[in-house]
Amino acid sequence: MPELPEVETVLRSLLPKIKGKEINTVRVMHEDVVGWPGSVKEFSRGLFRKKVTGGFRRGKLLVFELNGGKKLIFHLRMTGRLYYRINPAPLEKHSHLVLEFVDGGTLIFEDTRRFGRVYLVAPGEECYAGNLEKLGPEPLGPDFDLEEFVRAFDKKKGRIKALLLNQSFIAGLGNIYVDEILFRSNIHPETPANNLEKHQIESIFLKMKEVLKEAIAGRGTTFRDYRDGEGRSGDFQNLLQVYGREGEKCPRCSDFIERKKVAGRSSFFCPCCQKDGINDPSSTGEC
DNA sequence: AACATCTCCTGAAAGC
DNA sequence: TGCTTTCAGGAGATGT
């Protein structure tokens, strides 16, 4: 399930391979992966003979800039994969879009569950590209400010887990990394956000950056489906401390990792290190 | 505002 | 063993 580190890894592995290349043919095998605006025909026509001039990541979105000003934007959601092939193998069942470049290389978008989307937008049409314009700050961005982050918690009565999953509050986090951040911060996922003390919010701020940087260094987490832009798995799944580890020993104390649905998602936490903030808001997390 | 529930979708895993 | 049911989840829509 690609979150910020996985999307960043796809970008880094893919961009050097396709930057400067010109799109020759566009094949859409499953039309419902093409998001607004416009028809699939317009989408294909809009890509024809365009060069990839650059690219960046924003939240979980991959943005490729094309000459002429349009942007090709992907959201991989759960099972989406985007990778480059020089000599394409026979396409798989769930390959939905293939861009062939003039030099023969191909960019392939496949997605088993088909939740992923691809958008082609002109300048001024960015609002149609998924949640691009509704995204909160980038956790690793140079402008991400601690004081602003602390203030943003003020009237948030919801649970911290739900808040960190909210892309308009903070961009790029998903279920795996939120659990890892809360574990490293000794905070129970059900703690009301506005019950958190300043030092706890500071901890989230720091641990968020720390976990994301480590995960990017490990080229992302492959739980099942995720691959980078060259089709390779990530390594960070071996370094997850709580996610997917129900019943295993906590890496910090003698207790065992529990699993509970919070904010509609499986949440993994140590009941000893991460005391329930509802019952014990003054918990320091020591156990 | 906050939270639950449903939808989309497939395939792995669990249940019987 | 083999069939059926459940579960996983990002995010938007809808209901309470």
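Below, chain A is the first sequence line, B the second, and so on; all start at residue 1.
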inquiry  = Check A:Arg57 with A:Glu138, please: is the shortest side-chain N to carboxylate O separation under 4.0 Å?
reply    = yes

key: Integer-rounded Å distance: C:dC7 C1' and A:Phe268 CZ   = 12 Å

request  = Using atom NE2 of A:His75 as one end and atom P of C:dG9 as the other, report the distance to the nearest whole Å.
outcome  = 15 Å

request  = Answer yes or no: is there an ion pair linking A:Asp228 with A:Arg219, defined by an N-O contact shorter than 4.0 Å?
outcome  = yes

ask   = Would you say C:dC7 has OP1 or OP2 under 4.0 Å from some side-chain N or O of A:Ser266?
value = no

A:Glu230 and A:Lys17 ion-paired at < 4.0 Å = yes

request  = Say whether, by atom type as modelled, one donor and one acceptor occur between the side chain of A:Asp255 and the main chain of A:Cys270 under 3.5 angstrom.
outcome  = no

key: Length of the OH-P vector between A:Tyr177 and C:dG10, whole Å   = 12 Å

ask   = For A:Ser266 and A:Arg259, does a side-chain donor sit closer than 3.5 Å to a side-chain acceptor?
value = yes

query = A:Gln237 and A:Tyr243: side-chain donor and acceptor closer than 3.5 Å?
reply = no

key: Terminal axis angle for the helix from B:dA2-C:dT16 to B:dC16-C:dG2, five pairs an end, nearest 10 degrees   = 60°

query = Rounded to whole angstrom units, what separation is found between the CG atom of A:Leu135 and the C1' atom of C:dA11?
reply = 11 Å

note = To the nearest angstrom, the CG-P distance between A:Asp111 and C:dG9 comes to 16 Å

message = Once you apply a heavy-atom cut-off of 4.0 Å, does A:Met1 come out as touching a base, just sugar-phosphate, or nothing?
response = sugar-phosphate

inquiry  = At 4.0 Å (heavy atoms only), tell me whether A:Thr79 reaches a base, stays on the sugar-phosphate, or touches nothing.
reply    = nothing

task = Rounded to the nearest angstrom, tell me the gap between atom OH in A:Tyr119 and atom C1' in C:dG12.
result = 10 Å

request  = Can you tell me the distance, in whole Å, between the CD atom of A:Glu3 and the P atom of C:dG10?
outcome  = 6 Å

request  = Report yes or no: does A:Asn238 contribute a side-chain atom to a donor-acceptor pair with the main-chain N or O of A:Asp235 at less than 3.5 Å?
outcome  = yes

query = How would you list, by chain and number, every residue that makes a side-chain contact (heavy atoms from CB on, under 4.5 Å) with A:Ala263, sequence neighbours excluded?
reply = A:Lys161, A:Ala162

Heavy-atom protein contacts under 4.0 Å, nucleotides 2-15 of chain B, coded B base, S sugar-phosphate only, - none = SSS---BBBSS---

inquiry  = Output the rounded distance in Å from OH (A:Tyr226) to C1' (C:dG10).
reply    = 17 Å

C:dA11 phosphate, OP1 or OP2, under 4.0 Å from A:Gln167 side-chain N/O = yes

task = May I ask you to check whether over 12 heavy atoms, not counting those of A:Lys209, lie within 6.0 Å of atom NZ?
result = yes

